[in-house]
Protein chains: 2
Amino acid sequence: MQLDTIDLRQLRVFLTVADCRGFSPAQAELNISVSTISTQMSDLETRLGLRLCQRGRSGFSLTEDGERIYKAAQTLFRQIDGFNNEVYDLRQELSGKLSLGFADNLVTHPTSPITQALDKLFSLEGEIEILLNVLSPNLLERELLDQRLDIIIGAFPRHLQGINYQPLFDERQSLYCGSRHPLFTKNEKELASIDLKEFRIAQRGYTAGRPHPSNLKAASSGAISYHMEGLVYLVLSGHFLAHLPDHYAKKWVTSGEIKELCPHSQSYISTFEIASRAGTHPSPVQRAFLKALLSN
Amino acid sequence: MQLDTIDLRQLRVFLTVADCRGFSPAQAELNISVSTISTQMSDLETRLGLRLCQRGRSGFSLTEDGERIYKAAQTLFRQIDGFNNEVYDLRQELSGKLSLGFADNLVTHPTSPITQALDKLFSLEGEIEILLNVLSPNLLERELLDQRLDIIIGAFPRHLQGINYQPLFDERQSLYCGSRHPLFTKNEKELASIDLKEFRIAQRGYTAGRPHPSNLKAASSGAISYHMEGLVYLVLSGHFLAHLPDHYAKKWVTSGEIKELCPHSQSYISTFEIASRAGTHPSPVQRAFLKALLSN
DNA sequence: AGGTTACTTTGGGAAAAATCAAACTATGCA
DNA sequence: TGCATAGTTTGATTTTTCCCAAAGTAACCT
């Protein structure tokens with residue numbers, strides 16, 4: 001039971017099995033017979049001295065240990081990718097893996113340079129493999145620091161140590177109101193004399209502890225959604241107000257289902273930034289993507 | 001030339017060869033014939049697409065690429081140790097590697113709990129492998145942050161983000177003067193009327209930019225030594241004053257070669273701390289060592 | 001020139017590993 | 001009870017890896 005000679009192949013088999021949630025489904029993915037998978041798995045389990053998953057006719061599930069090993073193995077492979085990136089760098093080749101993380105609902109942004117940057121990147125010579133994730137801002141930062149992501153794009157009101165931020169583009173967010181809401185029919189004059197704090201506000205879930213960029217602070221407890229889409233449901237219900245990116249809200253505005261409240265006092269601009277780990281040498285692919293993004 | 005299937009054994013061969021500075025010397029270390037080493041090395045070089053070292057009758061040296069790969073491979077193996085530590089943790093076994101870093105000249109400290117803590121650690125059940133380094137404080141912190149060390153002990157006047165510090169013990173440092181120095185023969189009263197700033201002070205090299213813990217600030221440019229031992233040379237020369245830990249200076253004081261100046265005004269206490277990375281889960285061995293140290 | 005050192009190349013053998021088919025087991029479901 | 005599903009075990013085969021000895025090469029040394 002020598003752990004120094006980790007068998008990377010067996011770990012990879014395990015990861016695939018865990019992803020496919022079973023031996024039989026993993027068979028196709030791995031291109032090996034189910035008996036081989038079985039042998040490899042039990043061999044790995046013996047080496048590690050841990051049972052990694054529960055399998056059989058009763059269904060497939062990772063054990064608690066399995067979950068931890070799954071994460072640790074993923075980290076390990078990411079670190080191996082890091083080694084390979086170093087090699088590609090020395091070879092002056094534009095190859096390697098790049099893990100990107102974006103805040104959600106950036107695709108609809110009209111002036112976002114992301115699509116063009118990806119286009120530029122793939123037009124370059126080299127074997128580039130992209131892993132794309134869409135996560136909430138605080139998760140983005142955590143995953144970046146944990147080396148699970150290489151480059152992230154989002155709005156990061158609070159800058160963390162160990163991360164380099166560079167402004168990329170702006171997004172206007174405004175306060176929206178659904179057609180069933182009592183304020184929907186009020187005109188601008190009427191609204192000016194109304195205290196918006198009296199109404200329930202729906203907010204993004206990950207803004208915990210941060211002051212809201214607008215000067216609006218809801219008095220009554222509102223609602224929280226971890227996804228932009230959830231906010232829209234809440235606004236459409238007619239019971240909540242919420243800040244939404246203008247480009248994102250546009251389609252419901254056009255259809256008359258929601259409208260913007262107090263454009264002058266309640267709108268704000270949030271700056272989207274591109275961020276990468278400080279301290280570590282970026283791989284050639286990382287450098288190329290950053291360059292493509294910022295040269296617009 | 002598939003890089004995804006890194007051959008860890010070949011990387012290990014390379015590391016040993018680099019450490020031994022040659023194929024033939026590595027033969028004994030690796031317990032394989034020189035022909036095997038040669039094959040492995042050229043195979044690795046082909047895979048990586050890089051020449052790693054210059055060898056032959058003309059002597060051995062790593063190429064520039066080789067240096068980089070050497071470092072990257074070391075990092076990779078450290079990360080693999082991290083994976084193994086996770087496994088040991090899950091198995092609830094007290095096994096794994098522990099990289100310690102100490103400030104220099106701690107061995108002579110009379111009340112340092114390090115020796116006992118190591119004793120305790122090795123008295124426990126489990127396969128523990130220790131890597132011990134003695135470095136300057138700022139290097140200690142850097143290596144800790146770079147994951148090359150797990151636990152460090154030293155005096156860290158400036159606390160860095162991302163590191164957890166806990167006080168461990170105190171050390172009294174005083175200003176010392178060599179027997180050839182003009183101040184050596186002065187008594188306490190005479191010294192009280194003398195401005196010490198007029199004399200040249202030798203300082204530790206890594207204190208760059210930090211205010212000296214004593215209130216003494218040398219006017220004339222002094223001398224810098226990166227090692228405690230160097231300070232002693234400078235003091236013994238009779239041209240410099242320097243702060244030294246009392247326990248360290250003791251033997252020269254006893255032999256009459258140096259003496260303490262102004263014990264009341266020029267001494268200060270520096271606190272030695274134990275520090276570990278914040279954020280990451282400590283391995284069982286790390287936890288055991290910390291516990292052994294702090295339970296004294 | 002000839003010896004020595006330090007590595008490379010070649011060829012081959014032994015051990016380890018990866019793989020599969022087929023038979024087997026265990027469990028849920030009808 | 002019996003069928004179907006999901007994985008295990010076994011034994012054999014193929015493939016890969018690992019390694020060495022011996023002969024070869026290249027550079028330095030005297």
Next item on the list: Could you tell me the separation between the CG atom of Asp7(B) and the P atom of dA17(C), rounded to a whole number of Å?
Entry: 13 Å

Margin query: Whole angstroms only, please: what is the CD-C1' distance between Gln27(B) and dC20(D)?
Written below: 11 Å

Next item on the list: Could you note down all residue pairs passing salt bridge (Lys or Arg N to Asp or Glu O under 4.0 Å) where residues 74-84 of chain A supplies at least one of them, sequence neighbours left out?
Entry: Asp81(A)-Lys97(A)

Next item on the list: Using a 4.0 Å heavy-atom cut-off, write out nucleotides 4-15 of chain D from 5' to 3' as B (base contacted by protein), S (sugar-phosphate only) or - (no contact).
Entry: -BSSBB------

Next item on the list: Ignoring hydrogens and angles, tell me if any N or O in the side chain of Arg91(B) forms a donor-acceptor pair with the backbone of Leu50(A) under 3.5 Å.
Entry: no

Notebook entry, point to check: Gln10(B) has an atom CD; how far is it from atom P of dT17(D), in whole Å?
Noted result: 9 Å

Notebook entry, point to check: Counting only heavy atoms not in Tyr233(B), do more than 12 fall under 6.0 Å of its OH?
Noted result: no

Check: Just how far, in rounded Å, is P of dT19(C) from CG of Asp43(A)?
Finding: 12 Å

Acceptor/donor pairs from residues 123-131 of chain A side chains to any protein atom, 3.5 angstrom cut, sequence neighbours excluded:
from      : atom 1 : to        : atom 2 : distance (Å)
Ser123(A) : OG     : Asp119(A) : O      : 2.7
Ser123(A) : OG     : Asp119(A) : OD1    : 3.4

Check: Does the side chain of Gln40(B) get closer than 4.0 angstrom to OP1 or OP2 of dC19(D) through an N or O atom?
Finding: yes

Checklist line | Nearest-angstrom distance from the residue atom CD1 of Ile32(B) to C1' of dA21(D) | finding: 15 Å

Note to self: Return the CG to OG distance between Asp150(A) and Ser276(A), rounded to the nearest 0.5 Å.
What the structure shows: 9.0 Å

Item checked: Heavy-atom pair of closest approach, residues Glu29(B) and Cys20(B) -> CB-SG, 4.1 Å

Notebook entry, point to check: Reckon Arg9(A) has a side-chain N or O less than 4.0 Å from the OP1 or OP2 of dA18(C)?
Noted result: yes

